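Keep in mind it's a predicted model, so treat the numbers as computed, not measured.
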Amino acid sequence: GSAPATYVVAPGDGILGDSGAFDIAAGDPQESGAWITVDGLDAGTVTVAPGETRVLPVRIDVPAEATPGDHPAGIVVGVTRSSDGVAVTNRVGVRVHLQVAGDIVPALEAGDVTATFTPALVPFAPGTLRVETRVENTGNVRLGALAAVSGAGLDTAALGGDPAELLPGDTTTVVTETSAWPVFALFGTSTVRPVVLGDDAVTAPAPVEEGFATPAVSWTGVA
């Protein structure tokens, strides 16, 4: 810009937002965000002149009692501008991917499978099967999760698309939709395959399976 700008720079704990994207928790860090120190600041801010570039050294002090595995964190840079009495704050987050060496345990668990069938308006035509599978990261490193469904009377949905990211301790619901015939009752299996994300040097655990059942009736056909 053409005028000096004052930026607020602060470390924070890494989390996943409601959309599933990586985010940085608001407020004072309580976990790995507290390990990060950003130098070159004045009361948590830095003022940059027009056309100037400032490099801020970052130091990470890992405590001796830190447990092995991933400890997500990040650094937020924010600037506030006022116009016509309205203040607008823009924030940019930089992800800090920390992994403490030791006993690395990648693990996912699947459960609470919910299946619903929506019949087609055309009598006895295939409808839509929607399967929601609850997935939990029970290990100590991040993993992605892909889900597929299979069973008699339905089209097998492949393990494709972008995997849902789960940080250690996180849970999410993976949704799979496919076409299925109205055969009064559908029985199938939801298969969750763990996926290694990015350049992480871990071995993905074996896929996990959970069964499901749901009524599948063509109500227009019955009518």
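The CZ atom of Phe117 lies 7.5 Å from the OG atom of Ser218; values are rounded to the nearest 0.5 Å. Distance check: Asp199 CG to His97 NE2 gives 9.0 Å after rounding to the nearest 0.5 Å. Expressed to the nearest 0.5 Å, how far OG1 of Thr220 lies from CG of Leu121 amounts to 7.0 Å. The structure places CZ of Arg193 at 13.0 Å from CD of Glu209, a figure rounded to the nearest 0.5 Å. Between atom CD1 of residue Ile36 and atom CG of residue Leu98 there is a gap of 6.0 Å, rounded to the nearest 0.5 Å. Taken to the nearest 0.5 Å, the CZ atom of Phe22 stands 7.5 Å off from the CG atom of Leu16.
The side chain to side chain donor-acceptor pair (under 3.5 Å) test with Arg134 singles out one residue from Thr171, Asp112, Thr114, Thr172, and that residue is Thr171.
Side-chain contact annotation: Thr6 with Thr47, donor-acceptor N/O pair under 3.5 Å present. When only modelled atom types and interatomic distance are considered, Thr133 and Ser190 share a side-chain donor-acceptor pair under 3.5 Å.
In the hydrophobic clustering of ILVMFWY residues, with side-chain heavy atoms under 4.5 Å counting as a link, Val100 and Ile60 come out together. Note: the hydrophobic cluster containing Val96 does not contain Ile24 (ILVMFWY, side chain heavy atoms under 4.5 Å, direct or indirect links). Each of Leu197 and Leu167 belongs to its own hydrophobic cluster when Ile, Leu, Val, Met, Phe, Trp and Tyr are linked at side-chain heavy-atom distances under 4.5 angstrom. Phe212 and Val217 sit in two unconnected hydrophobic clusters of ILVMFWY residues. Membership requires side-chain heavy atoms under 4.5 Å apart, directly or through other members. Linking Ile, Leu, Val, Met, Phe, Trp and Tyr whenever their side-chain heavy atoms come within less than 4.5 Å puts Val79 and Val38 in one cluster.
Ser82 contributes no side-chain N or O that, together with a main-chain N or O of Gly85, makes up a donor-acceptor pair within less than 3.5 Å. In terms of modelled atom types and a separation under 3.5 Å, the side chain of Asp13 and the main chain of Gln30 share a donor-acceptor contact. A donor-acceptor pair under 3.5 Å links the side-chain atoms of Asn140 to the main chain of Asp103, judged by distance alone. Checked by atom type and distance alone, the side chain of Asp70 never pairs as donor or acceptor with a backbone atom of Pro72 at under 3.5 Å.
Val76 places none of its side-chain heavy atoms less than 4.5 Å from the side chain of Val9.
Between Asp39 and Arg59 no salt bridge is recorded (no basic side-chain N to carboxylate O distance below 4.0 Å). Here Glu132 pairs with Arg130 in a salt bridge; the nearest charged N to carboxylate O distance falls below 4.0 Å.
Other residues, nucleotides and ligands contribute over 12 non-hydrogen atoms within 6.0 Å of the CZ atom of Arg95. Enclosure of atom CG in Asp42 is not indicated, since only 12 or fewer non-hydrogen atoms of other residues, nucleotides or ligands lie within 6.0 angstrom.
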Any chance you could lay out the side-chain contact (heavy atoms from CB on, under 4.5 Å) test for Val105 and Val141, step after step, and finish with the verdict? CA-CA 7 Å; Val105 182; Val141 291; over 6 Å; no
